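For reference, the structure is listed below as structure tokens.
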Amino acid sequence: MTHRLRIDLFSLKDTLECGQFFRFTKIMNTYIVQSSDRIFSLWQKGDILFYEGVEEPFLIHFLRLDEELDSILKEIDRDPIVHQAIQKYRGMRLIRQDPWECLLSFLCSSAKSISHIRSMIEILCKSFGRKIFYGNIIGYGFPEPLCIKTSLQLESVRAGFRTNYLVKASQCINRSQLLGLKSLSYSEARQSLTMLSGVGKKVADCTLLYSLDFLEAFPMDTWIRKGLQRAYFGGRWTGEKETENFVSNHFGPFAGYAQLYLYHYWRNHRF
DNA sequence: CGTCAGGTAGCCA
DNA sequence: TGGCTACCTGAC
């Protein structure tokens, strides 16, 4: 049964393909998406989003369709560079991921390309997750913390030094504790997350931005860092503190959206 | 075969 | 505050 939603400002392609989310495959113009224990399909024609295998309220939550994207984009549109990125990828939205899945995904991400990260997550789900079906397509749910007990179990994931990060996180935190971070301030929540082994500023900010609604989080990877230096500091090397201060002062409370647009823009226009 | 990616931990000044 | 390097795996 196919359902449809009309959405004013939305690009499914950019939203899924910009690097914030890993568990999807593209078949022709249709995306098969997996999140937690769900599997469903999405495709877009003009301003109509078609969907199968998922209920509307979940989709609205997942794709942040209840969010006034237009006013957020106006808010971060503060210079010619980010303006150009917004023009090019207008309609790209943050995805509101499951916090547990998001944390583990980005624990896998250090020093790995996106295809590696996807492969690690896929094997993780195949090893521990329960089977889920969409028509005759088989998917796997994302494993709950209690499933992952020892590093030996994760051998086939080939996560290398990240294996212990995954095991320790499974022992130390669960979904409801992660969701509880939402009641803290950004810096408190960030500090709590970095207590976990393998979680530094970057992974903490990814988790806070992509799953816990902290829109001021600005994940700073080396690409974004180089981009900022080139675009805003005339190529000058900048210290960590200086860069962080610039970002929060310049982009403000929705800095995370600016990161999403700049990152996608710079990744597709190599320099 | 060697080199390197790219985020974090742990050490150091 | 920030510089350096090991960490594991896979791509090149």
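Just so we're clear, the structure is a prediction, and the values are computed from it rather than from any experiment.
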Report task. State, without any angle test, whether A/Thr243 and A/Thr238 hold a side-chain donor-acceptor pair at a distance under 3.5 Å. Result -> yes
Query raised in the report: Roughly how far, to the nearest 0.5 Å, is the CZ atom of A/Arg230 from the CD1 atom of A/Ile81?
Result: 8.5 Å
Query raised in the report: C/dT9 C1' sits how many Å from A/Asn164 CG, rounded?
Result: 15 Å
Report task. Using only heavy-atom distances, determine whether the side chains of A/Asp205 and A/Tyr186 contain a donor-acceptor pair under 3.5 Å. Result -> yes
Query - Residues that, via side-chain heavy atoms closer than 4.5 angstrom, fall in one hydrophobic cluster with A/Leu65 - result: A/Leu5, A/Ile7, A/Phe10, A/Leu12, A/Leu16, A/Phe21, A/Phe24, A/Tyr31, A/Val33, A/Phe40, A/Leu42, A/Leu49, A/Tyr51, A/Val54, A/Phe58, A/Leu59, A/Ile60, A/Phe62, A/Leu63, A/Ile95
Query raised in the report: Does A/Arg158 place a side-chain N or O at less than 4.0 Å from the phosphate oxygens OP1/OP2 of C/dG10?
Result: yes
Atom pairs, protein N/O to nucleotides 4-8 of chain B N/O, distance under 3.5 Å:
{"unit_1": "B/dG6", "atom_1": "OP1", "unit_2": "A/Trp223", "atom_2": "NE1", "d": "3.3"}
{"unit_1": "B/dG7", "atom_1": "OP2", "unit_2": "A/Thr222", "atom_2": "N", "d": "3.2"}
{"unit_1": "B/dG7", "atom_1": "OP2", "unit_2": "A/Thr222", "atom_2": "OG1", "d": "3.4"}
{"unit_1": "B/dT8", "atom_1": "OP1", "unit_2": "A/Gly200", "atom_2": "N", "d": "2.9"}
{"unit_1": "B/dT8", "atom_1": "OP1", "unit_2": "A/Gly200", "atom_2": "O", "d": "3.2"}
{"unit_1": "B/dT8", "atom_1": "OP1", "unit_2": "A/Lys202", "atom_2": "N", "d": "3.3"}
{"unit_1": "B/dT8", "atom_1": "OP1", "unit_2": "A/Val203", "atom_2": "N", "d": "2.8"}
{"unit_1": "B/dT8", "atom_1": "OP2", "unit_2": "A/Lys202", "atom_2": "N", "d": "3.4"}

Query raised in the report: Do side-chain atoms of A/Trp100 reach the backbone of A/Pro143 as a donor and acceptor pair under 3.5 angstrom?
Result: yes
Query raised in the report: Thinking salt bridges, do A/Arg96 and A/Asp98 make one under a 4.0 Å N-O criterion?
Result: no
**Report entry** Separation between NE2 of A/His61 and CD of A/Glu67, rounded to the nearest 0.5 Å
**Finding:** 11.0 Å
Query raised in the report: Can a donor-acceptor pair be found between the side chains of A/Ser113 and A/His116 at a distance below 3.5 Å?
Result: yes
Contacts under 3.5 Å, N or O only, protein and nucleotides 11-13 of chain B:
none

Requested in this report: Using whole Å, report how far CD1 of A/Ile123 lies from C1' of C/dG10.
Outcome: 12 Å
Report task. Take atom CG of A/Leu107 and atom P of C/dC8, then tell me their distance rounded to the nearest Å. Result -> 17 Å
**Report entry** Nearest-angstrom distance from the residue atom CD1 of A/Ile114 to P of C/dA11
**Finding:** 15 Å
Report task. In whole angstrom, give the distance that lies between atom CZ of A/Arg118 and atom C1' of C/dG10. Result -> 17 Å
Query raised in the report: Does a donor on one side chain sit under 3.5 Å from an acceptor on the other, for A/Tyr134 and A/Glu52?
Result: yes
Requested in this report: Write down the distance between CD (A/Glu122) and P (C/dG10), rounded to a whole number of angstrom.
Outcome: 15 Å
Report task. Could you provide the dot-bracket string of DNA chain B, using ( ) for intrastrand pairs, [ ] for crossing pairs and | for bases paired to another strand, with Watson-Crick or G-U pairs below 3.5 Å? Result -> .||||.|||||||
Report summary line: Across all chains, not counting sequence neighbours, the ring-ring contact (aromatic ring centres under 6.0 Å, His included) partners of A/Phe233 are A/Phe246
Query - ILVMFWY cluster membership beyond A/Phe133 - transitive side-chain contacts under 4.5 angstrom - result: A/Ile138, A/Tyr140
